[in-house]
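Here's the structure we're looking at; comments come further down.
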There are 2 protein chains.
Amino acid sequence: MRPISEEDLTTRARIRDAAMALFAEQGVKATTIRGIAEAAKVSPGLVQHHFGTKEALRQACDEYVLSYLREQVTVGVTDHNLDKPEFIENVHRTAPPLMKYLGRALVDGSPAAAAMFDELVSVTEEHLADDDRSEADHRARATVLTAMKLGITVLHEHVSRALGTDLYAPQGALRVGKAQLDLIRPEFLGRELFDQARTGLEKVEGQR
Amino acid sequence: MRPISEEDLTTRARIRDAAMALFAEQGVKATTIRGIAEAAKVSPGLVQHHFGTKEALRQACDEYVLSYLREQVTVGVTDHNLDKPEFIENVHRTAPPLMKYLGRALVDGSPAAAAMFDELVSVTEEHLADDDRSEADHRARATVLTAMKLGITVLHEHVSRALGTDLYAPQGALRVGKAQLDLIRPEFLGRELFDQARTGLEKVEGQR
DNA sequence: CAAGAGTCTATACAAACGTATCGGTCGCCA
DNA sequence: TGGCGACCGATACGTTTGTATAGACTCTTG
């Protein structure tokens, strides 16, 4: 699969990727333009030339992550590629830095990340309400479910340490995925989605 | 209940509390000594006089949170005060700023927070292994369970926004607590602990 | 080939920051 | 009562930061 837009592989993209990695690791405030420039192997002035200000660079990272996630959802869910090996391989190769950035953005107060959180809650809520027409507190359940799943992303460093395996390595993702399916009541993922996820994991497990 | 040590209520404690609140809101790097001084209504020099360096102040916050949490666990769990109204009231009054700080510390790379995470995973793992002697991946389950629960703390801002209620207000905590019990398979909290938590929540609910 | 837009580096500067230092005030005890 | 230590404020200094500016190189285009 080709990059998300033609302007990738360019210096501008290299700077953005370096910025995403550093923002994710240290937070926005603790990351310096000079550090980004060094990581991208360019001069500090060039960072400013491409993005103007640090805040604009941060927004560019936000927008890139958002468009990437939307595209992967479209290709994966809408176009039914979730079980295609090349899709899975591509996600495993490109997603980790973006997920780490998303996790940090959620705590660092990025408006884009907040919007994405709300969006995920809404989607989950509709799904829950569709599945269970009782008078349960679907809003709270959807919120908590979203926060719990994203919590693993946000705390990926601690999860990886406790597991002794990188969360974003195939083995780590597999263990965490199975543990999640074990812990959460199946009916809240939707029985259908639950089975799909479990068989997907089992298929991946069988491959290695 | 009195403060955790006699030196509270002092200027030193005011500075520490202000630092914890700002660290939690903005992260350590984005928080300035001058900002802390202003929030605590003291001079910037005084902050340095009491804690020496910013890093030492951060460590003092870490240690304070850790000792607070340990004390609450001792008083609450070990001494069986979990259902005493005055204990609950005290926790609801004092815990929020500390939990917010803990959430931020987990992402900001505090060694103390990492240690606390590992500790929670270990406790949870023993609990799971005790309850279910199968060959399941207890380590992964304990890690994911811990990360999911702490994830709600870390993402409290988003949870509160999505709920329309402050997570650390009684109503918010109640809704989230019930949603958690709904979402997670009862056997992984331990049937006993699960029932205890549910009746506890119901009692709180009945009171209002 | 000339010119100009795009790309990149080097240097400079003002602001903000952590921290060190000095001076002052209050309360306790000999 | 005098002084001494703890507590607190004001100021200053060196560093780091984001950003502005000026110049060099490259590549396309007319």
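Chain letters run A, B, ... following the sequence lines, proteins first and then strands; every chain starts at 1.
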Under a 4.5 Å cut-off applied to non-hydrogen side-chain atoms, are Arg12(A) and Arg16(A) in contact?
no

Rounded distance in Å - NZ (Lys54(B)) to C1' (dT19(C)):
12 Å

In whole angstroms, how far is the P atom of dG9(D) from the NE2 atom of His50(B)?
9 Å

Tell me whether the OP1 or OP2 atom of dT21(D) has a side-chain N or O from His49(A) closer than 4.0 Å.
no

Whole angstroms only, please: what is the CD1-C1' distance between Ile36(A) and dT17(D)?
12 Å

Does a sphere of radius 6.0 Å around CD in Glu89(B) hold more than 12 heavy atoms from other residues, nucleotides or ligands, not counting ones at 6.0 Å or beyond?
yes

Return the nearest nucleotide to the side chain of Gln48(B); candidates are dC8(C), dA20(C), dG18(D).
dA20(C)

Report the distance from atom CD of Glu38(B) to atom P of dC17(C), rounded to the nearest whole Å.
11 Å

Please report, rounded to the nearest Å, how far the C1' atom of dT11(D) is from the CZ atom of Arg34(B).
11 Å

Here's one to test your reading of the geometry: is the NZ or CZ of Arg58(B) within 45 degrees of the ring axis of Phe51(B) and under 6.0 Å from its centre?
no

Quick one: Arg58(A) CZ to dT19(D) P, roughly how many Å, whole number?
13 Å

On DNA chain C, nearest-nucleotide positions of Lys29(A) versus Lys41(A): which is more 5'?
Lys41(A)

N/O (side chain, Thr11(B)) to phosphate O (OP1/OP2, dC8(D)) under 4.0 Å:
yes

Pick the closest DNA chain D nucleotide for Ala30(A) and for Gly45(A) by heavy atoms, then say which residue is nearer the 5' end.
Ala30(A)

Using OP1 and OP2 only, check whether a side-chain N or O of Thr32(A) sits under 4.0 Å from dT16(D).
no

Rounded to whole Å, the CD1-C1' distance (Ile33(A) to dT17(D)) equals 9 Å

Side chains of Met116(A) and Val65(A) in contact at under 4.5 Å (non-hydrogen atoms):
no

